[in-house]
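Structure first, commentary second.
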Amino acid sequence: MSDSETMPPAAAPEAPGSAPALPEEALEIASGYAFAGPALDLGALLWDGVCLPDAQVRIPLPMLNRHGLVAGATGTGKTKTLQLIAEQLSAQGVPVFLADIKGDVSGISAPGEPGDKVRERARDVHQQWTATGFPAEFYALGGIGHGIPVRATVTDFGPLLLAKVLQLNQTQEQSLGLIFHYADTKGLELVDLKDLRAVVTFLTSDEGKPELKNIGGLSTATAGVILRSLTAFEAQGMADFFGEPEFDTADLMRIAQDGRGIVSVLELPAVQDKPQLFSTFLMWLLADLFHDLPEVGDADKPKLVFFFDEAHLLFHDASKAFLDSITQTVRLIRSKGVGVFFVTQTPKDVPADVLAQLGNRVQHALRAFTPDDQKALKATVRTFPDSAYDLEELLTGLGTGEAVVTVLSEKGAPTPVAATRLRAPESLMGPVETAALDAAVAASPLHGRYAQAVDRESAYEKLNASRGAKGPDELTAPPEQPEPERQPSVVEQVVGSGMFKSLARSLGTQIGREITRSVFGTARRRR
């Protein structure tokens with residue numbers, strides 16, 4: 001029988017007189033969620049204000065790599081929905097990545113606390129609730145906050161993402177791309193921000209200007225803007241995010257010894273006032289996964305599900321090139337076995353080309369207090385398939401922990417729109433204590449690999465060494481000429497030095513030839 005002809009299985013024994021027979025309209029909706037294979041249980045169907053626990057709303061596990069959207073106004077339960085989905089993915093052996101903006105997702109590592117509200121919700125939706133903690137790793141950008149430090153080198157971060165972080169305009173972004181191109185081809189590795197500053201300073205010096213004349217040049221004014229942006233960025237304490245050891249995104253795809261997927265939680269409370277920074281770093285993680293993972297096609301379950309919280313920050317004031325790169329990444333990463341869920345307030349926060357690729361939707365309540373709210377509500381309704389509900393009325397009347405759901409069936413077709421009372425997470429719905437968080441970080445097998453920053457020789461040191469300079473301010477000084485013969489250029493000195501050749505051999509990097517860059521201009525690396 002087809003999905004539309006199959007009756008949903010009973011979720012639990014029915015208590016005497018607890019649930020009437022399903023109305024015809026509800027029965028038709030419920031039949032669209034009666035999947036034969038493994039699935040995640042979201043909750044029970046709501047119809048005409050009544051919860052129908054025998055009509056379970058679910059997402060097929062193989063469809064989680066078809067991406068999704070979790071949206072809703074503040075306080076409607078989005079975070080608990082992420083927690084609920086992450087728990088069930090972990091239980092089925094799928095690693096998960098979560099960004100913890102407010103600091104209340106760390107509780108996924110600890111068993112939940114039973115209470116009247118939890119028991120009532122479990123009873124409403126026929127959930128066999130058991131307090132359960134899940135295997136988790138905690139990370140922090142640059143080590144700022146509680147977590148294993150996550151760093152990226154400037155070279156691998158790429159010019160497009162860095163321009164977004166520095167809030168450069170299109171002309172400045174293109175000039176930054178030119179600087180990266182020069183550094184790539186000349187073997188000047190940009191590990192941290194002082195490397196980038198050293199290269200920019202050199203290229204605007206009298207000796208450095210000829211180096212770029214054949215590939216477009218770099219104006220002094222634009223270079224000055226880039227340097228000032230770097231200085232302001234560092235003054236905010238952001239320099240720690242760039243450097244080594246660089247985080248290997250393969251560590252997000254680990255499985256615990258008991259077979260459950262590890263939930264990677266990026267702790268962001270310490271930098272939640274830097275939205276451009278953390279949203280762009282999330283995109284770097286996703287782009288890096290895209291580069292490194294092989295094609296797997298359609299699999300029985302995803303290799304990783306990545307939740308992109310506060311997604312509107314990523315798209316705000318983004319250039320066309322940046323949006324095109326996001327669209328390309330989301331479109332193609334599905335075939336690598338990675339599912340991406342964008343989390344935001346309304347679907348209109350996500351560009352249409354990206355939204356069209358999000359097959360699984362969990363829409364929490366929206367508010368309609370202002371004309372702009374009303375406009376957003378109408379736009380949201382238009383993004384859903386035709387339904388048996390009055391969605392405008394329904395979306396403004398949903399309670400906390402309730403949502404409108406539509407997902408992709410096992411055959412890849414959209415399921416009927418279903419108002420849903422969601423299940424309660426089984427882990428702690430709130431943060432764990434700081435001491436417990438720090439203890440988990442210290443005990444992690446990854447802590448020793450990433451905890452200590454390393455400042456090895458790179459562009460800054462090479463340019464200084466080749467010039468005999470003592471500091472960055474001396475990079476513009478002319479080289480000493482003890483002999484009347486023609487002196488080699490700075491680049492010739494650097495590339496031809498024994499120190500350079502030895503470093504290239506020992507590190508096995510792509511120094512000495514152009515680095516291959518792909519989506520977002522990030523660099524491909526050999527793991």
Sub-4.5 Å side-chain heavy-atom contact between Gln127 and Pro53:
no
Determine, stepwise, if the pair Asp124 / Arg423 fulfils salt bridge (charged side-chain N to carboxylate O under 4.0 Å, His left out).
CA-CA 9 Å; Asp124 285 348; Arg423 291 181 167 225; over 6 Å; no
No-hydrogen, no-angle side-chain donor-acceptor test under 3.5 Å, Asp373 and Thr370
yes
Does a salt bridge link Arg151 with Glu246, judged by any charged N lying under 4.0 Å from a carboxylate O?
no
Report yes if the side chains of Val404 and Thr420 come closer than 4.5 Å at any heavy-atom pair, otherwise no.
no
Could you give all pairs that pass the salt bridge (Lys or Arg N to Asp or Glu O under 4.0 Å) test and reach residues 339-348, with sequence neighbours left out?
none
Correct closest heavy-atom pair for Ala99 and Leu282 would be CB-CD1, 4.0 Å
Residue pairs fulfilling ring-ring contact (aromatic ring centres under 6.0 Å, His included) with at least one residue in residues 97-118, sequence neighbours excluded
Phe97-Phe306
Would you give the length of the straight line joining atom CG of Leu82 to atom CD of Glu87, rounded to the nearest 0.5 angstrom?
11.0 Å
Would you be so kind as to tabulate the donor-acceptor pairs closer than 3.5 Å made by side chains of residues 105-116, with sequence neighbours excluded?
from, atom 1, to, atom 2, distance (Å)
Ser106, OG, Val432, N, 3.0
Ser109, OG, Ser106, O, 3.0
Asp116, OD1, Arg119, NH2, 3.0

With the side chain counted from C-beta on, respond yes when Leu293 and Val338 share a heavy-atom pair under 4.5 Å apart, and no when they do not.
yes
To the nearest 0.5 Å, what is the distance between OG (Ser325) and CZ (Phe290)?
10.0 Å
State which residues pass ring-ring contact (aromatic ring centres under 6.0 Å, His included) with Phe233; sequence neighbours excluded, sorted by chain then number.
none
Is any side-chain heavy atom of Lys303 closer than 4.5 Å to a side-chain heavy atom of Pro294?
yes
Working note: Leu314 + Phe322, criterion side-chain contact (heavy atoms from CB on, under 4.5 Å); need CA distance, chi angles, decisive distance, verdict.
CA-CA 10 Å; Leu314 179 70; Phe322 193 86; 3.7 Å; yes
Are the side chains of Glu402 and Leu422 in contact, using a 4.5 Å heavy-atom criterion?
no
Just do the side-chain contact (heavy atoms from CB on, under 4.5 Å) check on Ile85 and Leu40 with the steps written out, would you?
CA-CA 7 Å; Ile85 296 175; Leu40 309 187; 3.8 Å; yes
Would you say the side chains of Thr81 and His364 form a donor-acceptor pair under 3.5 Å?
yes
Apply the test ring pair (Phe, Tyr, Trp, His ring centres under 6.0 Å) to residues Phe281 and Phe242: give CA-CA distance (whole Å), side-chain angles for both, the deciding distance (0.1 Å), then the verdict.
CA-CA 11 Å; Phe281 253 84; Phe242 294 98; 5.7 Å; yes
What heavy-atom pair brings Pro23 and Leu52 nearest, and what distance separates the two atoms?
CD-CD1, 4.0 Å
When Asp438, Asp100, Leu437 are each screened for side chain to side chain contact (heavy atoms under 4.5 Å, CB included) with Phe138, the one that passes is Leu437
Minimum heavy-atom separation for Ile255 to Gly93, with atom names?
CD1-O, 3.3 Å
About how many Å separate OG1 of Thr327 and CG of Leu323, when rounded to the nearest 0.5 Å?
6.5 Å
Got a second to check how far Leu160's CG is from Leu162's CG, nearest 0.5 Å?
10.0 Å
Basic-acidic side-chain contact under 4.0 Å: Arg58, Asp41:
yes
Between Ser444 and Glu137, does any side-chain donor sit less than 3.5 Å from a side-chain acceptor?
yes
State whether Lys102 and Asp309 are salt-bridged, where the test is any N-O pair (Lys NZ or Arg NE/NH1/NH2 against Asp/Glu carboxylate O) under 4.0 Å.
no
Quick one: does NZ or CZ of Arg361 land under 6.0 Å from the six-membered ring centre of Phe384, within 45 degrees of the ring axis?
yes
Tell me, with the steps shown, if Thr522 and His291 meet side chain to side chain donor-acceptor pair (under 3.5 Å).
CA-CA 9 Å; Thr522 53; His291 288 169; 3.0 Å; yes
State whether Lys164 and Glu173 are salt-bridged, where the test is any N-O pair (Lys NZ or Arg NE/NH1/NH2 against Asp/Glu carboxylate O) under 4.0 Å.
no
When you compare the side chains of Gln83 and Ser427, does any donor N or O come within less than 3.5 Å of an acceptor on the partner?
yes
Around atom CD of Glu24, are there more than 12 heavy atoms of other residues, nucleotides or ligands at under 6.0 Å?
no
Could you note down all residue pairs passing side-chain hydrogen bond (donor to acceptor under 3.5 Å, both in side chains) where residues 257-267 supplies at least one of them, sequence neighbours left out?
Asp258-Arg260
For Met63 and Val407, run side-chain contact (heavy atoms from CB on, under 4.5 Å): C-alpha distance rounded to whole Å, both residues' side-chain angles, the deciding distance at 0.1 Å, then the answer.
CA-CA 8 Å; Met63 292 294 109; Val407 302; over 6 Å; no
Asp273, CG: over 12 other non-hydrogen atoms inside 6.0 angstrom:
yes
Do Thr249 and Asp288 have a side chain donor and acceptor closer than 3.5 Å?
yes
Thr280 and Phe157, any side-chain heavy atoms less than 4.5 Å apart
yes
Pair Thr344-Leu69, side-chain contact (heavy atoms from CB on, under 4.5 Å): steps then yes or no
CA-CA 8 Å; Thr344 188; Leu69 176 74; 4.0 Å; yes
Which heavy atom in Ile262 sits nearest to a heavy atom in Ala256, and how many Å separate them?
CG1-N, 3.8 Å
Sequence neighbours left out, what pairs pass side-chain hydrogen bond (donor to acceptor under 3.5 Å, both in side chains) with at least one residue falling in residues 385-398?
Lys378-Glu392
Parallel, tilted or perpendicular: which fits the ring planes of Tyr139 and Phe247, with parallel below 30° and perpendicular above 60°?
perpendicular
Val265 side chain reached by Val263 side chain, heavy atoms, under 4.5 Å:
yes
How about Lys78 and Val343: do any of their side-chain heavy atoms sit closer than 4.5 Å?
yes
Will you find, in the side chains of Gln345 and Thr74, an N or O donor that is under 3.5 Å from an N or O acceptor?
yes
Do the side chains of Asp251 and Arg449 get close enough for a salt bridge, i.e. N-O under 4.0 angstrom?
yes
Taking every heavy atom of Pro302 against every heavy atom of Val94, the minimum-distance pair comes out as O-CG1, 3.6 Å
Check whether more than 12 heavy atoms from other residues, nucleotides or ligands sit under 6.0 Å from atom CD of Gln170, and answer yes or no.
no
